[in-house]
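A quick write-up on the structure given underneath.
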Amino acid sequence: MDNGEVARILNTMADMLEIKGDNPFRIRAYRLAAQNIEGLAEDVSTLIVQQTLEEIPGIGKDLASKIREIVTTGTFQEYERLKAQIPSGVVELLKIPGVGPKTAQLLYERKGIDSIARLEAAARANELRGLPGIKAKTEENILRGIEMLKRASGRMPLGLALPLVREIIARLRQVKGVTRIECAGSVRRMKDTVGDIDILAVSAAPGKVMDAFVALPLVREVLAHGETKSSVMTRQGIQADVLVVDPKAFGAAWVYFTGSKAHNIHLRDMAKKKGLKISEYGVFAERTGKRIAGREEEEIYEALGLPYIAPELREDTGEVEAALKGQLPDLITADDIRGDLHVHSTWSDGAHTIKEVVEAARRRGYRYIAITDHSKGLGIVRGLAAEDLTKQSEEINRLNQGLRDFRILTGIEANIRADGTLDLPNGVLAKLDFVIASVHSAFRQDQQTMTERIVRAVSNPYVRVLGHPTGRLLGEREPYDLDFDRLLDAARQHQLAMEINASPLRLDLNDAHARRAKEAGVPLVINTDTHALAEFDHIHLGVATARRAWIEKKDVLNTLPLKQLLKRLAR
DNA sequence: GCCGTTTTCGGCCCGACTGTTTTCAGTCG
């Protein structure tokens, strides 16, 4: 029973309670618990053993006992009781955009509709009109919602959403009257996947912005078109919302629409205790209704007695408490990165020669890179054998002689075999400046086998960094089943660094794991795993992940000048 | 169902948009 599964059960419980019309705050408690469990870096069963379940915010005695029941039995009593009352197909109806708990309940009670297929048939046959609050238009909307659901692909990786965001912003900036336009939401928080795109604008003529937005070429369907707020479904399958706000309230709106929801609720709660009220229109004195802040985000935090909190931290995972104590981290920035330690070339599956890669790295202002082509054991790409590495090192040495203020490190991305050995002998690895070890095969080993395999690999004295440590591919492959805490222990023991791989589908380590690594005292490196020059830009995604993990410059080895880097890499 | 420098009971964020309404309910974020 993994954390995702526990969270799924709690969320389904919340869905069923909503359909029943239960206490909304009770429902919210279930959802909050689900969200916090999903965001955990460690297994919930570990917390049960340690008896620290109730330390998770939003989980009290009651939920803790239910979660224990879920982990032991796969379900819990009250959940089973509700499932017997509400068919799962009725809960499924909630997935349809525009259909909420009230509608689902109505459809089931009055028409016996207990699946999306039945709902579609009934709507097509115009059998819904006549129900309270439902006429032809609502039938149409339900059918449209079902179509959207069928095409929906879930959350989109951040790296794919960002270009869309840039395009929308660039085009709307051209609209007459627009004086400011920014993105908000999970995109601004740089979460690894995003559910939708939120954009905020200031304009003297809001109607023009709305009209221009819904007419953009990337719009597949207009979902709402109001005076200051519109929503569209894009051709790329992700929803985008644009809002026009008053410049006097821009900061308040930006905080509000950046979220996260949990962060906002925390701020509002604090405000209330200070006799203030926060909304997207500003901070107001509760008694007089006078606006105290609103124009800039800094003002909002200041009104609460807080320093500015970076968007990447706004998840209510301790950032408000840290801000109160003046203990916010001094987050790493992309400018702190001095080199990339995971780069491929035409020697294996990269698209560019070492010379080309080096030129691109120098243009970025880097002072070093490590060429880490694949080793020979990896069947799918042409990997390097010992003889190839000797030749490659000769080429690198020649290139280094012509370079000032820049150094190419000789390296390899060694393959961790199923048994934890590497596919190049230590004698070969010893001649290189830098060795990353990564898993590229046998992903489905059980937890114990996989953990021992990787622990064995990282105990090899020549391995400096564990590459993409959990192996996930967003939307494509789950992370390996791994005892992450044991791996951290091994990493610390062997003075190994862990990679935050910035490739858009990887972002591996993720934010939660990277934060645990930092807390465990394991150093990190942020690499792009570049196979083509444009991918050097992905460093921003890796840095964002690090920022979400509260990581500072001092936690990351490739922020060091070359000399210090080499010293730290020596074991 | 959670939570507590006002509280162990009584709070718990709030407004835009839509479609159905004739003043509002449902959904969404």
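Just so you know, these numbers come straight off a predicted model, no measurement behind them. Throughout, protein chains are lettered first and strands after them, A, B, ... in sequence-line order, and every chain is numbered starting at 1.
- For A:Pro329, the side-chain contact (heavy atoms from CB on, under 4.5 Å) partners at least two apart in sequence or on another chain are A:Leu313, A:Leu331, A:Trp550, A:Glu552.
- Pairs passing the salt bridge (Lys or Arg N to Asp or Glu O under 4.0 Å) check and including a residue from residues 238-252 of chain A, sequence neighbours excluded, read A:Asp246-A:Lys248.
- Listed by residue number, the members of residues 23-34 of chain A with any heavy atom below 4.0 angstrom from DNA chain B are A:Asn23, A:Phe25, A:Arg26, A:Arg28, A:Ala29, A:Tyr30.
- The separation between A:Leu10 atom CG and B:dC2 atom P is 11 Å, rounded to whole Å.
- Between the CG atom of A:Leu106 and the P atom of B:dT27 there is a distance of 9 Å, rounded to whole Å.
- Ring planes of A:Tyr79 and A:Phe76: parallel class, angle under 30° (limits at 30 and 60°).
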Which donor-acceptor pairs under 3.5 Å do side chains of residues 43-60 of chain A form with protein atoms, sequence neighbours excluded?
unit_1: A:Asp43; atom_1: OD2; unit_2: A:Ser45; atom_2: OG; d: 2.7
unit_1: A:Thr46; atom_1: OG1; unit_2: A:Asp43; atom_2: O; d: 3.2

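- At a threshold of 4.0 angstrom between heavy atoms, the contacts of A:Thr103 are confined to the sugar-phosphate backbone, with no base atom among them.
- Note: NZ (A:Lys273) to P (B:dC13) measures 11 Å, nearest angstrom.
- Within residues 299-323 of chain A, no residue has any heavy atom closer than 4.0 Å to DNA chain B.
- Computed from coordinates, the A:Met270 CE to B:dC13 C1' distance equals 15 Å when rounded to whole Å.
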| field | Per-nucleotide protein contact string for nucleotides 14-19 of chain B (B base, S sugar-phosphate only, - none; heavy atom under 4.0 Å) | value | BSSSSS
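- Annotation: side-chain contact (heavy atoms from CB on, under 4.5 Å) contacts of A:Pro132 (sequence neighbours excluded): A:Leu106, A:Arg110.
- Applying the side-chain hydrogen bond (donor to acceptor under 3.5 Å, both in side chains) test to residues at least two apart or on different chains, the pairs with a partner in residues 305-315 of chain A are A:Arg188-A:Tyr308, A:Arg189-A:Glu315, A:Glu297-A:Tyr308, A:Glu297-A:Arg314, A:Tyr301-A:Arg314, A:Tyr308-A:Arg314, A:Glu312-A:Arg547, A:Glu315-A:Arg548.
- Distance noted for atom C1' between B:dC28 and B:dC13: 14 Å (whole Å).
- The one candidate from A:Thr234, A:Leu172, A:Leu218 that meets the side-chain contact (heavy atoms from CB on, under 4.5 Å) condition with A:Glu167 is A:Leu218.
- Taking the C1' atom of each, B:dT18 and B:dG11 are spaced 31 Å apart, rounded to whole Å.
- Shown here are the side-chain contact (heavy atoms from CB on, under 4.5 Å) partners of A:Asp335, two or more places apart in sequence or in another chain: A:Thr333.
- Less than 4.0 Å separates DNA chain B from at least one heavy atom of each of the following residues of residues 60-86 of chain A: A:Gly60, A:Lys61, A:Asp62, A:Leu63, A:Lys66, A:Glu78.
- With sequence neighbours excluded, no residue satisfies ring-ring contact (aromatic ring centres under 6.0 Å, His included) with A:Phe257.
- Applying the ring-ring contact (aromatic ring centres under 6.0 Å, His included) criterion to A:Tyr108, with sequence neighbours excluded, gives no partner residue.
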